[in-house]
Amino acid sequence: MENKMQIFNTLTRTVENFVPNEDGKVAMYTCGPTVYHFAHIGNLRSYIMEDVLEKSLRYVGYDVKRVMNITDVGHLSSDADTGEDKMLAGAKREKKTVMQIAQFYTDAFFADCEKLKIKRPDVVEPATNCISEFIEMIEALLEKGYAYVAGENVYFDTSKLDDYYAFSSQTEKELMIGVRDDVEEDTNKRGKSDFVLWFTKSKFDNQELKWESPWGVGYPGWHIECSCISMKHFGEYMDIHCGGVDNIFPHHTNEIAQSEAYTGHKWCNYWFHVHHLNDKSGKMSKSKGDFLTVSLLEEKGYHPLVYRMFCLQSHYRKPLEFSYDVMDNMENTYAKLRKSIAGLNEDTAFEPDQFAIYKEKFENAVSNDLNTSMALTVVYEVLKAEISDNTKLALMRSFDEVLSLDLTAGALETEDAGIDAELEAYVLAKIEERKAAKKEKNFARADEIRGELLDKGIVLEDTREGVKWKKA
RNA sequence: GGCGACAUAGCCAAGUGGUAAGGCACGGGUCUGCAACACCCUUAUCACCAGUUCAAAUCUGGUUGUCGCCUCCA
């Protein structure tokens with residue numbers, strides 16, 4: 001098929017025509033969450049945009065197979081052996097076993113994804129499912145001379161590669177490593193950029209998850225899992241690898257090092273990186289302790305899809321600053337949009353030519369390096385266009401295959417589920433009373449009733465569809 | 001210290017050489033007993049300086065500011 005998708009490739013730092021290895025098919029890999037805690041909405045920004053990428057590829061006609069790993073072992077808070085395993089730290093914090101933690105937060109992650117309409121990848125693979133594959137690959141790397149054993153751990157020898165820093169320019173290379181002074185060094189390493197493939201020795205010996213290996217009882221390093229899991233499901237080639245920008249170095253750099261050393265050839269052609277969600281003080285991060293989750297947004301009264309729309313109106317390669325002001329803005333935008341679409345009359349003629357015109361506009365926006373902001377503009381363009389409501393509805397349904405904003409699900413419910421039956425009965429009675437007063441043109445009484453309800457925290461609105469009420 | 005990204009109206013944001021999309025908010029108006037809803041109208045010369053060009057938000061150089069990466073991070 002013809003090249004329909006243009007996408008920024010971190011490897012070349014340019015927007016390229018996307019050409020998959022196999023015509024019409026896309027092998028797409030996503031670095032999944034480390035399931036030691038809830039995902040914060042910054043994490044979820046990446047998954048939302050990757051979801052849009054997957055759906056856009058499908059929209060323009062590709063057959064996409066998507067794989068995601070779940071990091072449930074091996075992700076240290078530092079690569080030096082002084083670090084603490086994230087999973088173990090989570091388990092300690094909550095007095096549960098590591099596997100209980102992993103299961104709990106994996107479920108929580110997918111629950112959040114569901115709320116945000118993020119499609120579950122075709123394959124979801126926990127790292128702990130693939131220990132034998134990790135061991136096989138590490139053995140092969142040792143055999144080929146790309147790895148060495150030191151201090152009872154296995155390390156990858158980055159000096160064996162001509163081009164370890166796949167994502168960096170030549171001038172950066174000499175300066176990258178070990179500049180940060182808060183980094184503690186692992187003295188077993190031959191080179192500063194070497195990294196661990198398999199641990200048997202570390203300072204946290206109470207590690208719960210350990211496996212037999214040719215190098216002793218231990219557990220895998222973080223980077224090896226993505227290389228192995230992708231090859232388990234895609235073989236030695238894949239098309240797009242996704243993740244947040246913070247994964248570029250070292251995680252993705254190390255993945256490329258291992259994978260290409262192992263296969264002896266180019267591994268993945270396109271690297272898709274989503275930029276960070278920041279707040280006023282900078283990057284949102286779990287290690288700062290305080291972070292925002294989807295549940296928290298819901299508690300504050302925001303529909304999860306308001307956050308999705310917040311992400312879509314920005315570009316994935318721009319840092320995005322989160323604020324409640326913008327969320328409030330977006331909340332209005334989203335409610336108005338849903339309401340406007342809900343008012344369309346399906347019982348009108350369908351105009352295939354018009355449908356095709358706007359569908360192409362939308363496709364162009366989305367295939368231009370995921371210009372989601374422009375895609376949303378096309379939504380508004382359609383709603384304002386001189387075409388039949390039924391055509392508009394068909395277009396909304398079509399666009400929603402990518403946007404996943406529940407565009408045609410009707411107006412947003414304003415009734416608050418938290419209101420108890422007694423209050424509801426009272427409110428409904430008052431509404432009837434007010435209706436009667438209005439009928440008798442007793443507007444003073446009608447306004448009085450509205451005031452009474454307001455005192456109880458209930459706001460009345462006379463809309464075209466009848467009286468609506470909600471919590472203030 | 002090195003590397004990189006970004007800087008467009010009150011806010012979010014598109015636009016990569018031809019005279020500034022869209023959304024929200026504000027203001028004005030129509031409608032309705034009022035309010036709200038809905039609908040209509042209105043709002044910028046693109047951080048700063050210099051240069052290239054017939055023409056620059058868009059290219060080049062510099063300045064300032066914000067942010068990110070340099071083995072915890074999506």
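Note on naming: letters A, B, ... go to the chains in the order of the sequence lines (proteins, then strands), and numbering restarts at 1 for each one. Any value given below was found using the heavy atoms of this structure, including those in side chains, with hydrogens, waters and symmetry copies removed.
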Of all the nucleotides listed ([options]), which has the minimum atom distance to the side chain of [X]?
{"X": "A:Y47", "options": "B:A74, B:C34, B:A13", "value": "B:A74"}
{"X": "A:D447", "options": "B:A74, B:C73, B:C34", "value": "B:C34"}
{"X": "A:K438", "options": "B:C34, B:A21, B:C73", "value": "B:C34"}
{"X": "A:N371", "options": "B:C6, B:G15, B:G4", "value": "B:G15"}
{"X": "A:M374", "options": "B:G4, B:A25, B:A21", "value": "B:A21"}
{"X": "A:N278", "options": "B:A74, B:C67, B:G4", "value": "B:C67"}
{"X": "A:T333", "options": "B:G23, B:C37, B:A74", "value": "B:G23"}
{"X": "A:K336", "options": "B:C34, B:A13, B:A38", "value": "B:A38"}
{"X": "A:K318", "options": "B:A35, B:C73, B:A14", "value": "B:A14"}
{"X": "A:K339", "options": "B:C11, B:A13, B:A38", "value": "B:A38"}

Which part of the nucleic acid, if any, lies within reach of A:V274 when heavy atoms closer than 4.0 Å are counted: base, sugar-phosphate only, or nothing?
-> nothing
Give one of base, sugar-phosphate or nothing for A:R450, where a contact means two heavy atoms less than 4.0 Å apart.
-> base
Phosphate oxygens OP1/OP2 of [N]: is one of them under 4.0 Å from a side-chain N or O of [X]?
{"X": "A:K384", "N": "B:G23", "result": "yes"}
{"X": "A:N329", "N": "B:G23", "result": "no"}
{"X": "A:N43", "N": "B:A74", "result": "yes"}

Under 3.5 Å, is there a donor-acceptor pair between the side chain of A:T348 and the main chain of A:N390?
-> yes
Quick one: sort the A:W222 and A:H251 rings into parallel, tilted or perpendicular, breaks at 30° and 60°.
-> parallel
Sorted by chain and number, sequence neighbours left out, ring pair (Phe, Tyr, Trp, His ring centres under 6.0 Å) with A:F355 holds for A:F350
Output yes if the stacking criterion (under 5.5 Å between centres, under 30° between planes) is met for A:Y380 over the base of B:G22, else no.
-> no
Could you check A:H315 against A:R434 and say which one's nearest nucleotide on RNA chain B is further toward the 5' end?
-> A:H315
With a 4.5 Å limit on heavy-atom distance, are the side chains of A:Y164 and A:N254 in contact?
-> yes
Is the A:H273 to A:H252 ring centre distance short of 6.0 Å?
-> yes
